[in-house]
Amino acid sequence: MTAALPELADGDFYYLSLGGGRFRSTIHAQGAWNEHEQHMAPASGLMADSLERHESRDDMRMARLSYEILGLIPGGGFHIETTTLRPGRTIELLQAELIANGRVAIRATAWRMITSDTAAVAAVEDTAIPAPDECKPLDGPAIWPGGYIRSLEMRVAEGHRPGAGIVWLRTLHPLTDKADSGDLARLMGLVDTANGIAARVPPGKDSYAFPNLDLQIHMYRRPGGEWLGLDNAVSFGTDGIGLTSTVLHDLQGPFGRAEQILTLRRT
């Protein structure tokens, strides 16, 4: 695709906050498929931050984030509108929309649930993965273009192959110039990277493009820290549709899962 390059903000962060829910992206938020678009990962982190701040309550946390990608996410200026769709005493449904060039580019909903002490019955079936210091450096920009991929530190575990692998990610760039976002927003701003860490086919010319149309995140524990671990598997069907499935980890262990539906297209 070709299009005029957007006017980007300058800074060692992903977004410049302009106030009133308005933002401008920097080169660090640049996408991998087209140079004039944003990458879904930092955009979803910024939307998670907006959702977390919206009418926040200390006795609740977000347990599911569901993103629908409604088209190309333009780089440059945009705004986010956040609302409560379903208020409640113990369960709430929130919505955020990223609006750029007069249209909704991403629509996100989040179930926010009341918390309680269930330590007596807590159990997790997802298995642990090697820690970042047990993994080797991964040169992401050698595989994928774009400013977002260049902004990451990546580590890869033994056994990585096309279609499945374990990769750790972190970024030293804050989501915005204010640098006041929490761990949840920072980690949610990395999850969408899962679709590219163990691609079944190499991206680029004479291969396939496999962009995701959505991002579904379920969390049975609130994550923390700066490292996000992705235990990843990619399936391609026979009719042009694929699926990326990922168990999500922080340094304390697994905390949830992510799913991304893919559209497969010859390049």
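Numbers here simply count residues along the sequence, with the first being 1.
Between the side chain of Asn232 and the backbone N or O of Ala194, at least one donor-acceptor pair lies under 3.5 Å. For Trp144 (side chain) and Gly196 (main-chain N/O), a donor-acceptor pair under 3.5 Å exists by modelled atom type. No donor-acceptor distance shorter than 3.5 angstrom exists from the side chain of Arg150 to the backbone of Pro145, with no hydrogens or angles considered.
Listed by chain and number, the residues in a ring pair (Phe, Tyr, Trp, His ring centres under 6.0 Å) with His173 are Tyr14, His28 (sequence neighbours excluded). In this structure, Asp192 has no salt bridge (charged side-chain N to carboxylate O under 4.0 Å, His left out) partners at least two apart in sequence or on a different chain.
Pairs passing the side chain to side chain donor-acceptor pair (under 3.5 Å) check and including a residue from residues 113-124, sequence neighbours excluded, do not occur. Residue pairs satisfying the ring-ring contact (aromatic ring centres under 6.0 Å, His included) criterion with at least one member in residues 78-110, sequence neighbours excluded, are listed as follows: Tyr15-Phe78, Phe23-Phe78. Within the structure, the salt bridge (charged side-chain N to carboxylate O under 4.0 Å, His left out) test picks out no pair touching residues 30-44 (sequence neighbours left out). Within the structure, ring-ring contact (aromatic ring centres under 6.0 Å, His included) contacts touching residues 37-72 (residues at least two apart or in different chains) are His39-Tyr148.
Linking ILVMFWY residues whenever their side-chain heavy atoms come closer than 4.5 Å, directly or via other members, leaves Leu70 and Leu46 in distinct clusters. If you chain together hydrophobic residues whose side chains sit under 4.5 Å apart, Ile166 and Leu169 never meet in one group.
Inspection of the Thr82 and Gln95 side chains reveals no N or O donor paired with an N or O acceptor under 3.5 Å. Using modelled atom types, one finds a donor on one side chain and an acceptor on the other under 3.5 Å when comparing Ser66 with Gln216. A donor-acceptor pair shorter than 3.5 Å cannot be found between the side chains of Asp177 and Ser17.
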- Task: Would you check, one step at a time, whether the test salt bridge (Lys or Arg N to Asp or Glu O under 4.0 Å) holds for Asp250 with Arg221?
- Result: CA-CA 10 Å; Asp250 62 12; Arg221 174 174 65 80; 2.8 Å; yes
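Classification of Arg61 and Glu52 as a salt-bridged pair fails, no side-chain N sitting under 4.0 Å from a carboxylate O. Classification of Asp59 and Arg57 as a salt-bridged pair holds, one side-chain N sitting under 4.0 Å from a carboxylate O. Between Asp183 and Arg222 no salt bridge is recorded (no basic side-chain N to carboxylate O distance below 4.0 Å).
No more than 12 heavy atoms of other residues, nucleotides or ligands sit less than 6.0 Å from atom CG of Asp10. Counting heavy atoms of neighbouring residues, nucleotides and ligands inside a 6.0 Å radius, atom CZ of Arg89 does not exceed 12 of them.
For Ile217 against Met188, the heavy-atom pair with the smallest separation is CD1-SD, 3.7 Å. Between Arg170 and Leu190 the shortest heavy-atom distance is CA-CD1, 4.2 Å. Taking every heavy atom of both residues into account, Glu259 and Asp214 meet most closely at O-OD1, 4.1 Å.
With a 4.5 Å cut-off on side-chain heavy atoms, Asn195 and Met40 do not count as touching.
Of the listed residues (Val191, Val234, Ile69, Asn212), just one forms a side-chain contact (heavy atoms from CB on, under 4.5 Å) with Gln260, and that residue is Asn212.
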